[in-house]
Each structure stands twice: as structure tokens, then as C-alpha cells.
Amino acid sequence: MSGGDVVLLLLLVTAAAVASPANADVSYDHKSLVINGQHRILMSGSIHYPRSTPEMWPDLIQKAKDGGLDVIQTYVFWNAHEPVQGQYYFGDRYDLVRFVKLVNLTGLYVHLRIGPYVCAEWNFGGFPVWLKYVPGISFRTDNGPFKAAMQTFVEKIVSLMTSEGLFEWQGGPIILAQVENEYGPMEEAMGSGAKPYVDWAAKMAVGTSTGVPWVMCKQVDAPDPVIDTCNGFYCDDFTPNQKNKPSMWTEAWSGWFTAFGGPVPHRPVEDLAFAVARFIQKGGSFVNYYMYHGGTNFDRTAGAFIATTYDYDAPIDEYGLLRQPKWGHLRDLHKAIKQAEPALVSGEPTLQNIGNHQTAYVFKSSSGACAAFLSNYNTSSSSKVVFNGRSYDLPAWSISVLPDCKTAVYNTATVTSPSAPAKMNPVGGFTWQSYSESTNLLDECAFTKDGLVEQLSTTWDKSDYLWYTTDVDIDSGEQFLMSGQWPHLTIYAAGHSLQVFVNGQSYGSVYGGYNNSNLTYSGYVEMWQGSNKISILSTSVGLPNVGTHYETWNVGVLGPVTLSGLDEGTRDLSTQKWTYQIGLRGEKLGVPSVRGSSSVEWGCAAGKLPLTWHKAYFNAPAGGDPVALDMASMGKGQAWVNGHLIGRYWSYKASGDCAGCSYAVAYNETKCLTNCGDITQRWYHVPRSWLNPSGNLLVILEEFGGDLSGVTLMTRTT
Ligand SMILES: *[C@@H]1O[C@H](CO)[C@@H](O)[C@H](O)[C@H]1NC(C)=O
Ligand SMILES: *[C@@H]1O[C@H](CO)[C@@H](O)[C@H](O)[C@H]1NC(C)=O
Ligand SMILES: *[C@@H]1O[C@H](CO)[C@@H](O)[C@H](O)[C@H]1NC(C)=O
Ligand SMILES: *[C@@H]1O[C@H](CO)[C@@H](O)[C@H](O)[C@H]1NC(C)=O
Ligand SMILES: *[C@@H]1O[C@H](CO)[C@@H](O)[C@H](O)[C@H]1NC(C)=O
């Protein structure tokens, strides 16, 4: 064939697939997805490409394959791909095409969740901040400007995937797509625009002609042909909204996320395996672990108050190491399910009662395959059951898999994979130099307005930081100048954290938390006769990613700001002139970068001072083990290695109840916690690929002040 013939043939193939989805290579029926004519029981795992580095991807994907997965699932992160409207970015950690091709190369499929709302504990739920300022916009409802922007992005991603030949019918790995995300539960609260929006989103998605099925998760009213799917800790009670749709579990939560100030959740693998087996035995045909590798919220990609670690207690840990026995026990489960697949895809199971809380689910195919799942739902006692004349021991809260209806090759509560706890090994400390951030604003960047401004609409999230400064005139006759009874400053803010300086002197900080970002500063401040300068540094800690119209939630000092204890009583400063600066002086000067760090004068280490930059040089630890920083001795801030922002750090104390953890009872995210009374996150991942063998630059911006001598370079081993 000539090149022209190939093109023509491709066009014909494309046209055929578009015109007649029934002939596409991926379709579905009541039982399962059908790929190239074959019904499949598919095991899938979420790996979000920006939460690791491209250098880590091949290993993560290979470990997923070795763990018995068939599919890698990922969201697509709109705010990273279109940081400025109409300007797209697909480089480095956001090289989606490279990621999908690597999955293909490893021989796995892809489930692409385009959203573009993704939640994901990701900054602004994946929406670009500019989207909020499109005139007349309202998010995730029947709103013209929103739908136009959403459609443009969805079509952009689909055409990118198509042009790279990445859909299954093109010989690529993508077998499944997703539009929207967990919209169902909020439909009522979203009012009359919700239902038309759902219908439009489904139609728009299907209209992009991907040639693969679409899902909407947690969407009981997902319009045909879009498949509604389940997310949760358990999904065996889930039934799709049409008889011709398969039962699919798009998020089997392998653990839970961590928020600064919260404890760290863990999900016992015995219970996770039990949940998956429960779903499969009831006819489920697709299970995706959310997350299989959680990774790291590098940069400022974390949602509001979400920790920098996104480990999620996943089978592959944040650093890319196998979490054992979790990974191994699930691999064994997948192997057992694969052995049973010929019988599982053949149709409905028949049920046999084999005890009070014990049931056998039996699958038989016309060609003679037989598989059985023997389950014990009793939370406290094991059970001896008889099935087909043989007897079996079932531990409490467990399922045994019999791929031939005879031999129990696997039991969800019987863990045979050896455990391999991770260890953090100190490598050494650092020699520091410091540079103090100034409360004097840069003339060329500052601007003045009457009254207080909302932070996000001012910064557009270009920086976490916004300075609010104002002058206060104190008359020579003020009583407090004589009595020394200083006036009292009160500041109400929508969050997330703020620091107060008066005449350059620090008066401490206050911050909100994951459950309520609102905060109040209240304290006595020294002032002198004449002009005094109040400087408030307001800091955001990620934008909210979930909630009804979360895009309308405010950040920053909204007021009132008052000064009491004056002769006149209380003076309201809220409406007077304020001067603003977006970002810090050090950010403007590029201090975090290798080049910019030499643009300022560094002095002796001054770790205890608030609002100070620190830098140090270090060599990469020998070997290939993952690298981390121990930041427990510091307060709050950001840290960069060779100009890469490894994320926000915050030694926020975790409150919660960490008592007790039994696998044998329905799990939720409030059980099996660690770190209560300790800080939420101590170690921060420094990807190997960001390091040179020697002379690496570490820059820290510390907001509160801490102990630099405690900052330690670590390696992680198992
Ligand atoms: C995907 O992998 C298959 C099989 O290895 C290969 O033939 C195909 O060219 C790959 N496609 C892409 C887009 O990389
Ligand atoms: C938020 O509140 C819930 C319920 O009180 C609590 O379990 C959780 O730990 C809190 N989260 C954080 C991060 O403080
Ligand atoms: C579990 O089994 C024990 C012993 O047979 C029985 O007494 C109990 O009622 C069962 N309870 C539950 C919740 O399954
Ligand atoms: C935070 O403050 C705002 C404004 O006063 C209020 O509307 C909101 O309900 C508060 N949030 C919480 C969680 O209390
Ligand atoms: C979570 O589990 C605990 C302990 O079993 C239970 O008390 C609590 O009600 C559950 N919480 C939710 C939200 O289901």
C-alpha cells in the first residue's frame, strides 16, 4: 500500500468506528466491557501522572502490571493543561501522551477520566482559576459559558488522544472515558440547572466520537449510553441504571487522603480484598483501586488544607515502593480472579446458603467452567462450611475463591505475602544561610485600594501570598502612649493562614483548618505616636476542590479589621486605604531558583525568625533509594530543590482518635488512623530525577520560624 492508501484506509476505519459504535472494538453489555469480542473482568488502578515524575512512570506502571492489573486509570488535570485560557501545556509531569503511551508499552489499558471536574483533592478540583472569572459563568450547571469552556477542553483532550492513535480501536490503550465526576449526590443542591447539565454533558461526551464507552461515576441518572458506576469503600450493593449496563466500580478506595491537621488513614488489606471479592462475586466486572499509587501533591497542586503527601495507603507507596503485604495480597487476589474469569464472564451467579452468615456464589459456563466464592460476613467468628461435599474454613469477614469450584486458592483474610515495613534512614543535615523577607513592599508591585479585597480574585492563585498593609495614625494625646496599655487588633479572615506585623515587628500567626478555614486574629500591638504600619500576610493553602459551588468560597482578610483601646474607642480599619502586594519579595526575585537565589544577600542561619528564606547545598545520597526531607522541626512554608517546588510543608498537629483497628468490620475513613497527637506529615518526597550527584540547592521559605538543625535528608527503604 502507498502512504496515500494507508491514510485513506485510516479515514475509512475512523469513519466506520464513528458512524457505528456497535462495531467499535470496545463495547459493553450487562455482564462486562467487551474488548475485541471478549468479555473481560478487569482490575484497574489509579495512578495520576502529575503526582509522580516521568522518570518514575515506567516503574510504577510495571509494578501495577506485576500486581495483576489490566488497566491504569487517571484523571486529566485541566488547570495544569490550560493554565491560561487557550494556552495549553503538556510537558514534564503533565505529558499525558507520554504517560498513556508508556501504559500501552507495558501492555495495559487506560481509563481516561477527562472530567474535567476531578475533585481529586487537587487544587480547585482541577478547574483553572481563570474559569471563575469568565463573565457570567457558573460551574457545573446548565450555564452557557461554563459548558462552552468544558466542551472546548474535553474536545481538546479527545482530539489529542485521537491524533496520537491512543484509543483502543486505533491500536492504543484507552478503552474507557469519563465525563464529570461524582455529580449525582449534589444534583439536588444544584437546583434546576443540574439535570439539563447532566444530559448535556453525556451527549457532549458521546458526541466527541472516541469510539469507547463513557462512564459517569456516582450518577444514578446517567443518560444512555453512558454507564453509571460506583465509588466507595464497598460497592456490592450497586446496580447500574439499565439492564444492559455492566456493574463497574470506578473508585475502590484503598485508603483515604490526608489533610494537614488530620490523622493518617489506613485501610487493612484483608478488608479491601474482602470488599473487592464481594463485588466480583455479585457479578461486578471492573474494579479500580483509588489509589493504586497516590504519590505526591508537588508544587501547589493540593486542594485546600490537603497535605503534600497523597500516599492514600495505596498498594504502591508515595515513593514508588511496594507497600507490603498490601500489594502482594491484592496481586494474589487478582490471580485468583483471573483463574476464575472464564466462569465469571459467563453469566449470573447462583446462590447457595452454606450457613447463617455464609453464602456460596457459583458461576458456571456452558463450556464447563465453574468458579465459586465462599463468603463469611460474620464479623467475629470463623466458620467451617461444606460446599459440594468438601469442607472449608472461612475466617471472619472473608471470602475464599475457588476458581474450579473445588480448590480454595485464596482467602481474603489469609495474608501470605510477607510484610515489609518502610524505614526512613537519616543521611545528614545541612549548613544553612538565611535571607529575611521584608515587610516593605516593592514599589513597582504594590497597589492601593479603599477597603479590603478578596484574595483569590486579586492573586488568581499566582502565589499563596497576599500582603495587606495599612497605615494607622496615632495622635500624640492617645492615653495608651502614657499608660502602656496597648491597643487591641482584631482581624477576621476567610483563611487560610495569616501573620501579623506592626512596624515590621512580628505579632504571630493564626490559621484555620480543613473543616473550617475561617480564622480570627486577636492580640495587643505596640504602636507609637504618628504613622504606624500594620502588615498582614494572608496565605492560602490550596483552593477548595469539593462542595456545592465551592468556587464562590472566599480566601483572605475580608474583615472587619478593628483596633480597640483607643481614646475614641474602637477604630474600624476595614474601609480605609490598604496597600497590596501579590506574592513575596523573595518570589519576585526568584529566590527559589538556582539563578535567582544569588540575587539576594544571604546571611547567617536564622531559623527561628518568622518569614525567612533559608538555603543549603547538598549531595545526593548514594544509591537509588527514594529521597525525602524530614521537616518536623520547622513550622510552615514551602521547599524547593534545584528550583522544583516539592510542595507545601506544615508541621500541623494531627487531632483525632487513633484507637483500635480491626479489619473485620465495615471500614470507613475514621478508622485505622495513625499520627494522632503527632504532626500530620513529617517527610517530604524529593524525586531522584530532580537531583544532581552533588551541589543540589535546597531553598526553604519558613513562615512561622523553626529549628533548621532538625531538617534532615533521608532515604527510604523497605
Ligand atoms: C500500543 O501498543 C501496541 C502493541 O504493543 C502497538 O502495536 C501500538 O503501536 C502502540 N500504540 C501506541 C499509540 O503507542
Ligand atoms: C474534620 O472533622 C472530622 C469530624 O469531626 C474529623 O474526623 C477530621 O479528623 C477533621 N479533619 C481534619 C483534617 O481536621
Ligand atoms: C457471628 O457468629 C457467632 C458465632 O456463631 C454468632 O453468635 C453471632 O451472632 C454472629 N454475629 C454476626 C454479627 O455475624
Ligand atoms: C466562614 O465565615 C463565613 C463568613 O462569615 C460564613 O459564611 C461561613 O459559614 C463560615 N464557615 C464556617 C465553616 O463556619
Ligand atoms: C465509621 O465507622 C465507625 C466505627 O465503626 C462508626 O462509628 C462511624 O459511624 C462510621 N462513620 C461513618 C461516616 O460511617
Side-chain angles (χ1 to χ4, degrees), residues 46 48 50-52 75 77 93 118-126 253-267 290-291 293-314 316-320 323 422 424 464 495-497 511-517 539-546 626-641 644-656 658 669-670 672-687 700-704 706 711 714 716:
S46 289
H48 295 157
R51 285 174 156 149
S52 53
Y75 282 127
F77 298 88
R93 285 185 294 119
V118 298
C119 191
E121 290 71 62
W122 186 265
N123 197 36
F124 222 34
W253 297 327
S254 56
W256 198 247
F257 64 83
T258 304
F260 282 125
V264 179
H266 303 270
R267 184 173 191 187
Y290 188 100
M291 300 297 295
H293 170 257
T296 309
N297 293 313
F298 295 118
D299 255 312
R300 299 189 299 117
T301 60
F305 289 97
I306 300 297
T308 294
T309 177
Y310 200 64
D311 180 81
Y312 226 91
D313 200 32
I316 305 176
D317 78 12
E318 177 181 5
Y319 297 81
R323 173 167 278 119
M424 301 302 294
D464 278 0
H496 303 143
S497 164
Y511 46 84
Y514 177 75
N515 287 320
N516 183 2
S517 65
T539 305
S540 64
V541 191
L543 301 175
N545 59 277
V546 65
V627 177
L629 284 174
D630 182 345
M631 298 298 290
S633 68
M634 299 305 286
K636 174 183 185 298
Q638 300 180 19
W640 293 260
V641 170
H644 298 276
L645 177 51
I646 64 171
R648 302 184 184 94
Y649 69 86
W650 195 349
S651 298
Y652 202 141
K653 268 246 160 58
S655 58
C658 285
E669 72 281 11
T670 69
C672 302
L673 304 168
T674 60
N675 293 39
C676 297
D678 201 345
I679 59 177
T680 298
Q681 183 175 357
R682 168 168 205 162
W683 296 298
Y684 293 82
H685 183 201
V686 181
I700 291 175
L701 168 64
E702 170 58 46
E703 297 169 19
F704 299 165
V711 178
M714 318 285 288
R716 185 173 174 93

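The figures here come from the full heavy-atom set of this structure, side chains too, leaving out hydrogens, waters and symmetry mates.
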Gln638 and Asp464: side chain to side chain contact (heavy atoms under 4.5 Å, CB included), yes or no, with the steps? CA-CA 10 Å; Gln638 300 180 19; Asp464 278 0; 3.0 Å; yes
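- Atom NE2 of residue His685 and atom OG1 of residue Thr309 lie 10.0 Å apart, to the nearest 0.5 angstrom.
- Heavy atoms only, all atoms of each residue included: Asn675 and Cys658 are closest at N-SG, 4.0 Å.
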Applying side chain to side chain contact (heavy atoms under 4.5 Å, CB included) to Asn123 and Phe77, what does each step give before you reach the verdict? CA-CA 10 Å; Asn123 197 36; Phe77 298 88; over 6 Å; no
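- Here the CG-CZ distance, from Leu543 to Arg300, works out to 8.0 Å after rounding to the nearest 0.5 Å.
- Using a 4.5 Å heavy-atom threshold, the side chains of Thr258 and Pro265 count as touching.
- Taking the six-membered ring where the residue is Trp, Tyr290 and Tyr312 present perpendicular rings, their angle passing 60° and hence far from 30°.
- Within the 3.5 Å criterion, the main-chain N or O of Gly262 finds a donor-acceptor partner in the side chain of Thr680.
- A 4.5 Å side-chain heavy-atom check between His48 and Val118 finds every atom pair outside the cut-off.
- Listed here is the closest heavy atom pair of Gly513 and Tyr652: CA-OH, 3.6 Å.
- Tested against Thr308 for a side-chain contact (heavy atoms from CB on, under 4.5 Å), the candidates Thr301, Ile646, Thr296 yield a single pass: Thr296.
- For the pair Arg682 and Ala632, the tightest heavy-atom approach, listed with the atom from each and the gap, is NE-CB, 3.6 Å.
- Checking side-chain atoms of Gln681 against main-chain N and O of Trp683 turns up a donor-acceptor pair under 3.5 Å.
- Residue Met634 holds its CE atom at 4.5 Å from OH of Tyr649, rounded to the nearest 0.5 Å.
- Classification of the Trp650-Phe260 ring pair by plane angle, with boundaries at 30° and 60°, yields tilted.
- Looking only at side-chain heavy atoms (C-beta outward), Phe704 and Ser651 stay at 4.5 Å or farther from each other.
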Side chain to side chain contact (heavy atoms under 4.5 Å, CB included) between Asn297 and Arg51, worked out: CA-CA 6 Å; Asn297 293 313; Arg51 285 174 156 149; 2.9 Å; yes
I'd like to know whether Trp256 forms a side chain to side chain contact (heavy atoms under 4.5 Å, CB included) with Arg267, so could you lay out the CA-CA distance, the side-chain angles of the two residues, the decisive distance to 0.1 Å, and finally the verdict. CA-CA 8 Å; Trp256 198 247; Arg267 184 173 191 187; over 6 Å; no
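- Side-chain contact between Ile316 and Arg323 is absent, with no heavy atoms from C-beta onward closer than 4.5 Å.
- Interatomic distance, Asp313 CG to Glu318 CD, rounded to the nearest 0.5 Å: 12.0 Å.
- Across every non-hydrogen atom of Ser633 and Val711, the tightest pair is OG-N, 3.5 Å.
- Annotation for Ala302 and Ala307: closest pair CB-O, 4.1 Å, computed over non-hydrogen atoms.
- For the ring pair (Phe, Tyr, Trp, His ring centres under 6.0 Å) test with His496, the passing option among Tyr511, Phe305, Tyr514 is Phe305; the others fail.
- Of all heavy-atom pairs spanning Ser655 and Pro263, the tightest one is O-CD, 3.2 Å.
- To the nearest 0.5 angstrom, His293 atom NE2 is 7.0 Å from Asp317 atom CG.
- For the atom pair CE (Met291) and CD (Glu121), the distance works out to 9.5 Å, reported to the nearest 0.5 Å.
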